[in-house]
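First up is the structure itself, then whatever we jot down about it.
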Amino acid sequence: EQLVNMDWWIPSRPLLQTPWGYLRANYGSVLASSYFPICLGIGSYIAFCVPFTVFDVAGKKWQWIHKYKIQDHVEVTALQLKAVLTHSLWAHALYILPISMVQILLTKPIELPEEAPTLLELGFHWAVCFLVFDSEYYFWHVVHHKIPFLYKHVHSVHHQLRAPFSWGTQYVHPLELFATAVFTISTPMIIGSHPLTTWIWMVTGVYVGVENHTGYDFPWSLSNIVPFGIYGGTAHHDMHHMKPLTNFQPYFTYWDKLFGSAHPPLKSKRLSN
């Protein structure tokens with residue numbers, strides 16, 4: 001008989017059980033609905049874009065922020081904002097909204113499991129989603145730059161922005177918006193992620209996508225926190241918009257380094273100094 005319980009350090013139930021139980025008991029019908037993931041994605045996108053829009057509008061008046069702008073000589077104009085937002089609204093209204101309505105009408109509410117995911121399960125599934133999306137989009141991205149027809153008729157829309165800003169994240173052709181959505185939701189479905197893991201992945205995926213397009217290279221940006229230069233981030237992607245045949249990978253840098261498309265990132269003058 002075992003004299004000492006060697007499993008004392010393992011929680012008897014997941015640490016997230018209490019908050020998950022609360023959400024499930026009080027908001028279960030909303031969380032299980034077909035429209036919740038759609039609202040979560042759109043809502044988080046707007047929430048992440050708005051602060052950076054304020055920074056862009058303030059411009060050089062807020063030097064404490066503007067000093068971290070990578071292309072600090074380029075201003076985001078009201079005309080640009082109007083064009084980008086108008087394009088995004090039309091894309092969502094004409095393509096994304098009808099697809100979403102079909103999804104809402106044809107799919108049943110999901111089954112919310114009683115038990116929350118363990119932190120280990122959540123972290124592992126989140127990392128898989130992050131890495132798989134990063135690879136999927138890298139190869140999709142390369143193909144749309146290497147094949148002239150695809151670049152001209154699909155991906156060139158996004159590259160009308162030489163100096164990207166937050167709302168430009170979804171300034172894309174509807175087919176690209178649809179492909180990104182498929183990449184985002186397919187992996188958690190395939191690996192059987194817990195709904196909570198899927199939602200966290202969706203929100204963080206939206207955030208890093210927006211951050212990559214803000215044009216700001218803050219000391220606390222992910223690319224300046226993750227060591228060894230393995231994460232590209234804003235500076236990496238800004239260079240891609242200046243030199244479109246480089247830095248295809250959306251998050252990390254290993255595929256670009258492996259296939260010879262990596263280019264040194266364009267850092268803000270504040271951090272370069």
Side-chain angles (χ1 to χ4, degrees), residues 41 45 48 70 91 123-166 168-191 193 197-198 200-215 217 221-267:
Y45 178 63
F48 293 140
I70 296 172
F124 176 71
H125 280 199
W126 178 88
V128 169
C129 291
F130 202 83
L131 291 169
V132 170
F133 179 94
D134 193 52
S135 295
E136 287 175 330
Y137 190 82
Y138 170 81
F139 290 105
W140 185 97
H141 198 182
V142 169
V143 167
H144 281 71
H145 272 277
K146 299 294 186 181
I147 299 178
F149 178 85
L150 291 177
Y151 182 80
K152 179 180 179 181
H153 296 285
V154 180
H155 193 55
S156 64
V157 173
H158 188 59
H159 277 275
Q160 291 174 16
L161 299 176
R162 185 171 170 81
F165 57 96
S166 57
T169 308
Q170 291 190 6
Y171 186 65
V172 296
H173 190 280
L175 287 177
E176 183 166 353
L177 195 61
F178 179 73
T180 304
V182 170
F183 294 156
T184 301
I185 64 177
S186 59
T187 301
M189 290 176 62
I190 291 170
I191 65 177
S193 295
T197 306
T198 302
I200 291 174
W201 150 239
M202 287 177 62
V203 172
T204 53
V206 170
Y207 173 75
V208 294
V210 170
E211 188 197 57
N212 281 358
H213 289 84
T214 60
D217 184 31
S221 295
L222 289 174
S223 56
N224 294 317
I225 296 174
V226 179
F228 312 120
I230 60 174
Y231 187 86
T234 314
H236 180 86
H237 194 69
D238 235 71
M239 179 55 73
H240 171 71
H241 276 260
M242 296 186 73
K243 297 190 174 183
L245 294 180
T246 66
N247 297 354
F248 296 113
Q249 204 166 352
Y251 304 148
F252 295 101
T253 58
Y254 49 84
W255 286 123
D256 280 310
K257 290 177 180 177
L258 180 64
F259 290 108
S261 54
H263 191 285
L266 186 64
K267 305 292 287 182

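Values below: all heavy atoms of this structure, side chains included; hydrogens, waters and symmetry mates excluded. Not measured: the values here are computed from a predicted model.
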Residue [X] excluded, over 12 heavy atoms near [atom1] under 6.0 Å:
X: Lys257; atom1: NZ; result: yes
X: Tyr151; atom1: OH; result: yes
X: Phe124; atom1: CZ; result: no

In this structure, is the centre-to-centre distance between the rings of [Y] and [X] below 6.0 Å?
X: Tyr251; Y: Phe133; answer: yes
X: Phe228; Y: Tyr254; answer: no
X: His155; Y: His173; answer: no

Search all heavy atoms of [X] against all heavy atoms of [Y] and return the closest pair with its distance.
X: Ser166; Y: Val210; answer: CB-CG1, 4.1 Å
X: Gln160; Y: Tyr171; answer: OE1-OH, 2.8 Å
X: Trp255; Y: Ser135; answer: NE1-OG, 2.9 Å
X: Pro174; Y: Ala91; answer: CG-CB, 4.4 Å
X: Asp238; Y: Ile70; answer: OD2-CG2, 3.9 Å
X: Gly215; Y: Thr234; answer: N-CG2, 3.5 Å

Reported [atom1]-to-[atom2] distance for the pair [X] and [Y], which is rounded to 0.5 angstrom:
X: Leu222; Y: Glu211; atom1: CG; atom2: CD; answer: 4.5 Å
X: Ile190; Y: Ile185; atom1: CD1; atom2: CD1; answer: 10.0 Å
X: His153; Y: Leu175; atom1: NE2; atom2: CG; answer: 12.0 Å
X: Tyr231; Y: Thr253; atom1: OH; atom2: OG1; answer: 11.0 Å
X: Phe139; Y: Gln249; atom1: CZ; atom2: CD; answer: 8.5 Å

With a 4.5 Å limit on heavy-atom distance, are the side chains of [X] and [Y] in contact?
X: Pro164; Y: Asn212; value: no
X: Phe48; Y: Thr169; value: no
X: His125; Y: Trp201; value: no
X: Val157; Y: Glu176; value: no
X: Ile191; Y: Cys129; value: yes
X: Asp256; Y: Thr246; value: no

Parallel, tilted or perpendicular: rings of [Y] and [X] (30°, 60°):
X: His141; Y: His237; value: tilted
X: His240; Y: His145; value: perpendicular
X: Tyr138; Y: Phe248; value: perpendicular

TODO: Using modelled atom types only, decide if a donor and an acceptor are shared between the side chain of Ser221 and the backbone of Asp217 within a distance under 3.5 Å.
DONE: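 Such a contact is absent between Ser221 side chain and Asp217 backbone.
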Open item on the list: Run the ring-ring contact (aromatic ring centres under 6.0 Å, His included) test on His158 and His213 for me, step by step, so that the C-alpha distance in whole Å, both residues' side-chain angles and the decisive distance to 0.1 Å come before the verdict.
Closed with: CA-CA 11 Å; His158 188 59; His213 289 84; 5.0 Å; yes
Open item on the list: Could you work out, with side-chain contact (heavy atoms from CB on, under 4.5 Å) as the rule, every residue matching Thr198, not counting sequence neighbours?
Closed with: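 Applying side-chain contact (heavy atoms from CB on, under 4.5 Å) to Thr198 gives Pro188, Ser193, Met202.
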